[in-house]
Number of protein chains: 4
Amino acid sequence: MPAISPERMQDRYDAILDAAKRAFAERGFEGASIAEIARIAQISDGLAYRYFRNKRGLLFAVLQKFYERILVDLETQVFGKNRFRDRLEALIRRHLEVFVSDTDLCRLFIAEVRGASDYEGSAIQEMNRRYTSVLVRIVKDAVKTGEVRSDVNPKLLRDVLFGAIEHLAWRYVNGRGQLRVAQTARELTAMLTNGICVDR
Amino acid sequence: MPAISPERMQDRYDAILDAAKRAFAERGFEGASIAEIARIAQISDGLAYRYFRNKRGLLFAVLQKFYERILVDLETQVFGKNRFRDRLEALIRRHLEVFVSDTDLCRLFIAEVRGASDYEGSAIQEMNRRYTSVLVRIVKDAVKTGEVRSDVNPKLLRDVLFGAIEHLAWRYVNGRGQLRVAQTARELTAMLTNGICVDR
Amino acid sequence: MPAISPERMQDRYDAILDAAKRAFAERGFEGASIAEIARIAQISDGLAYRYFRNKRGLLFAVLQKFYERILVDLETQVFGKNRFRDRLEALIRRHLEVFVSDTDLCRLFIAEVRGASDYEGSAIQEMNRRYTSVLVRIVKDAVKTGEVRSDVNPKLLRDVLFGAIEHLAWRYVNGRGQLRVAQTARELTAMLTNGICVDR
Amino acid sequence: MPAISPERMQDRYDAILDAAKRAFAERGFEGASIAEIARIAQISDGLAYRYFRNKRGLLFAVLQKFYERILVDLETQVFGKNRFRDRLEALIRRHLEVFVSDTDLCRLFIAEVRGASDYEGSAIQEMNRRYTSVLVRIVKDAVKTGEVRSDVNPKLLRDVLFGAIEHLAWRYVNGRGQLRVAQTARELTAMLTNGICVDR
DNA sequence: GATGAATGAGCCTTCATTCAT
DNA sequence: TATGAATGAAGGCTCATTCAT
């Protein structure tokens with residue numbers, strides 16, 4: 001018989017994760033302290049280290065959970081459509097929406113993790129790969145159906161799309177300007193599918 | 001009458017800046033210490049605070065100087081061409097080249113400054129604006145000459161292009177993969193000018 | 001009626017003691033943790049505190065058991081001889097052998113216990129007293145038989161002998177140099193019995 | 001011109017060293033904290049790290065200074081005599097006196113340094129070597145003059161003597177029993193020079 | 001102007017021990 | 001009896017910044 005019930009352990013785990021999410025979101029990784037997180041979660045400092053390897057592991061767990069959630073959402077939205085253009089626009093829209101609904105977590109990932117050395121080979125990187133591979137899959141499908149030209153480089157497109165969105169969402173994430181989700185999704189879809197030049 | 005000549009002051013300034021550039025490039029902002037920078041520049045710790053407000057100001061000065069240099073290079077390359085496609089490809093190629101020639105400074109900017117709160121309203125941000133506005137200018141010119149469709153959103157294109165390049169250069173900056181400058185410039189130009197779809 | 005059989009309790013006790021012996025020997029007292037000992041003994045952390053007062057008590061129990069073993073061995077060897085010189089050499093040889101066969105436990109005792117304040121009045125100290133009193137006994141016997149001068153101070157001799165051996169064994173215990181047991185026993189016996197000076 | 005005078009630096013250095021000596025002596029190495037030492041020396045915590053590498057370095061510096069002092073004293077006393085027995089007795093007496101006059105430093109060295117891994121190859125070890133080599137020197141001299149038998153192993157004698165003294169002084173150092181310096185010096189000298197046996 | 005000594009706040013982590021289950 | 005979750009104190013060290021010289 002364990003000293004505490006599995007339910008309570010799970011509650012603790014969730015409480016710590018939630019506290020960390022809030023603290024990291026509000027103050028960033030460096031700015032937040034284990035002591036603060038423990039206080040919010042109403043646990044002792046040391047207990048955090050029983051549930052998570054260290055402060056960094058806590059950050060990764062927060063983002064892991066985040067990615068699990070948005071990955072399911074993305075797949076649901078994208079594969080609910082059949083035509084490539086609809087799928088692409090759905091992907092763009094959904095991805096933009098994440099920046100609106102989870103602004104702090106997005107900033108956290110971009111600012112504190114994606115550029116760090118321990119990102120390489122991490123579980124977060126694997127989640128990111130799965131997330132962006134949704135685009136690669138729909139492009140490959142569309143090449144088969146003839147909707148997309150066969151000489152298109154899917155990985156370049158992936159970089160273009162996710163790089164572009166991150167770039168334009170960054171202003172919003174940092175509290176300046178707004179993010180017109182539907183309109184941007186339409187425009188970006190058109191730009192990528194049709195190109196910007198008059199004649200070709 | 002100053003105690004030291006203006007020339008010597010400038011030398012000092014340059015020496016500190018150069019030392020900071022090296023230290024920040026090698027160890028990142030947090031990893032570098034004022035003591036180390038002072039040692040490289042062969043000055044005392046305290047003197048650094050006479051030339052720069054604080055460690056952060058030193059970082060900004062390093063990147064300011066960097067931006068001044070690459071801005072001139074970009075304009076030279078881009079406006080040396082006449083046709084829009086050539087200008088676009090030149091811009092992309094030049095921007096990619098910067099990631100190759102100044103890898104550390106690019107990582108520095110992306111990882112340590114662009115996501116920070118003090119970037120907003122800073123001189124660095126202004127330099128970044130000037131740098132990316134080169135693209136906006138050539139697009140507007142091309143709309144006038146009929147090379148680019150008039151319904152293209154220049155700012156969206158700017159985000160797409162610079163976001164895309166940053167995204168694909170990030171792998172290279174972090175030491176994994178290589179950066180095929182010429183080929184990527186060609187492919188990306190084609191993707192943006194022609195679009196990815198077969199019919200439109 | 002106990003919840004577990006006395007046999008099982010004894011097994012537990014022995015398992016913990018053995019685990020502690022290994023952990024302390026490998027990492028020293030500070031370096032070893034209760035958690036590690038519990039893991040080796042396949043018990044929980046808390047259970048260790050039912051069998052031993054605390055970490056320190058565990059260490060003392062380990063050394064207590066050790067002393068019980070070497071005390072019997074020493075008496076067997078020493079009192080198997082009749083002449084004083086033979087007894088003395090046997091004692092020295094046996095004592096030196098312990099440093100070779102139980103190097104880690106010797107270091108543990110010397111480094112972590114003998115200099116500590118809680119050694120005073122402890123059961124370990126009592127064991128040590130019994131161990132060293134073997135020398136005192138054979139000296140007193142030898143004074144009666146006329147083998148040893150009656151003005152010899154047995155306690156001073158005890159300090160000289162055990163201090164000397166510890167001093168010369170310390171190098172060996174710490175991994176530098178070797179310990180020539182038989183030769184050292186002979187030389188040391190001669191030095192103490194005959195003295196170092198030519199005339200007297 | 002330095003920011004503070006060399007005299008003031010030396011004063012600081014001495015103050016820290018003295019504070020450390022007191023703190024270590026009273027509470028042992030672990031028991032003393034940098035904060036406490038800094039408070040006694042009336043400096044800030046951080047400043048201690050400018051004068052000494054770390055807490056361990058501080059301890060070594062304290063003992064280094066101690067050894068320098070007692071080495072000079074020992075040589076003065078020992079080489080003030082001519083005959084071997086007088087020299088030996090002077091060495092023993094002087095060494096015993098150190099345990100009386102600098103009890104805490106002796107305990108510090110024995111308990112906290114001599115058994116530690118960083119002692120090996122340290123400056124302290126070198127000082128210790130010089131200190132004990134005084135005995136080796138007088139023995140070799142005495143072999144030449146015929147006072148000591150030529151088959152005596154000087155290094156074994158060194159271990160016997162210093163090991164013996166440490167052993168018998170340990171009780172005193174730990175506050176139990178007293179240390180009869182003159183009497184012990186006489187007895188020990190006799191024991192070592194004449195041996196303990198009646199006939200040989 | 002230049003120095004570098006001095007400051008002191010700040011933070012992660014470990015681990016012996018307790019106690020609810 | 002046994003578990004192991006929970007506690008929480010404790011401390012060395014770094015480093016940006018200031019200021020006396």
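Reminder, nothing fancy here: chain letters follow the sequence lines and each chain counts from 1. All values reported here derive from a predicted model rather than from experimental measurement.
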To the nearest Å, how far apart are [X] [atom1] and [N] [atom2]?
X	N	atom1	atom2	value
D:Asp11	E:dA5	CG	P	15 Å
C:Tyr13	F:dA2	OH	C1'	19 Å
A:Met9	F:dT3	CE	C1'	13 Å
C:Glu36	E:dT14	CD	C1'	14 Å
C:Phe52	E:dA16	CZ	C1'	16 Å
A:Leu58	E:dT13	CG	P	11 Å

Practice prompt. Identify whether the distance between the nearest side-chain nitrogen and carboxylate oxygen of D:Asp11 and D:Arg8 falls below 4.0 Å.
Written response: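 Judged by the 4.0 Å cut-off on N to carboxylate O distance, D:Asp11 and D:Arg8 do not form a salt bridge.
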Worksheet entry | Residues A:Asp102 and A:Arg69 bridged, charged N to O under 4.0 Å |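 Answer for the salt bridge query: yes.
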Discussion item. Generate the contact string for nucleotides 12-19 of chain F. Rules: B means base contact, S means sugar-phosphate contact only, - means no protein heavy atom under 4.0 Å.
Written reply: SBB-SBB-
Practice prompt. Stems involving DNA chain E: give each as a range paired with a range, ordered by first number, where a stem means at least three consecutive Watson-Crick or G-U wobble pairs under 3.5 Å.
Written response: E:2-21 with F:2-21
Worksheet item: Between E:dG4, E:dA6, F:dT7, which nucleotide has the shortest distance from any of its atoms to the side chain of B:Ser44?
Response: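 Per side-chain heavy atoms of B:Ser44, the pick is E:dG4.
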Worksheet item: Of all the nucleotides listed (F:dA5, F:dA2, E:dA2), which has the minimum atom distance to the side chain of B:Tyr51?
Response: E:dA2
Practice prompt. Side-chain contact test, heavy atoms from C-beta onward, threshold under 4.5 Å: evaluate it for D:Leu58 versus D:Leu17 and give yes or no.
Written response: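 A side-chain contact exists here, since the closest heavy-atom pair is under 4.5 Å.
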Item to complete: Check whether any side-chain heavy atom of D:Ile37 lies under 4.5 Å from a side-chain heavy atom of D:Phe24, and answer yes or no.
Response: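 In short, these two side chains touch, coming nearer than 4.5 Å.
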Worksheet item: According to the interplanar angle, ranging from 0 to 90°, do the rings of C:Tyr67 and C:Phe109 count as parallel (below 30°), tilted (30 to 60°) or perpendicular (above 60°)?
Response: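 Taking C:Phe109 first and then C:Tyr67, their aromatic rings stand perpendicular (interplane angle over 60°).
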Item to complete: Examine B:Phe52 together with B:Tyr13 and report whether their ring centres are nearer than 6.0 Å.
Response: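 Ring centres of B:Tyr13 and B:Phe52 closer than 6.0 Å.
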Discussion item. Check for me whether C:Arg56 meets the cation-pi criterion with C:Phe29, that is, NZ or CZ under 6.0 Å from the six-membered ring centre and within 45 degrees of the ring axis.
Written reply: yes
Discussion item. Classify C:Arg50 by what it touches in the nucleic acid, base, sugar-phosphate, or nothing, heavy-atom distance under 4.0 Å.
Written reply: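 Here C:Arg50 touches the bases of the nucleic acid.
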Fill in: Short side-chain to backbone donor-acceptor contact, A:Glu36 and A:Ala32, under 3.5 Å
no
Worksheet item: Got a donor-acceptor contact below 3.5 angstrom from the A:Trp170 side chain to the B:Arg114 backbone?
Response: yes
Worksheet item: With respect to the phosphate group of F:dA6, does any side-chain polar atom (N or O) of A:Arg12 fall under 4.0 Å of OP1 or OP2?
Response: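 Looking at the OP1 and OP2 atoms of F:dA6, one of them is under 4.0 Å from a side-chain N or O of A:Arg12.
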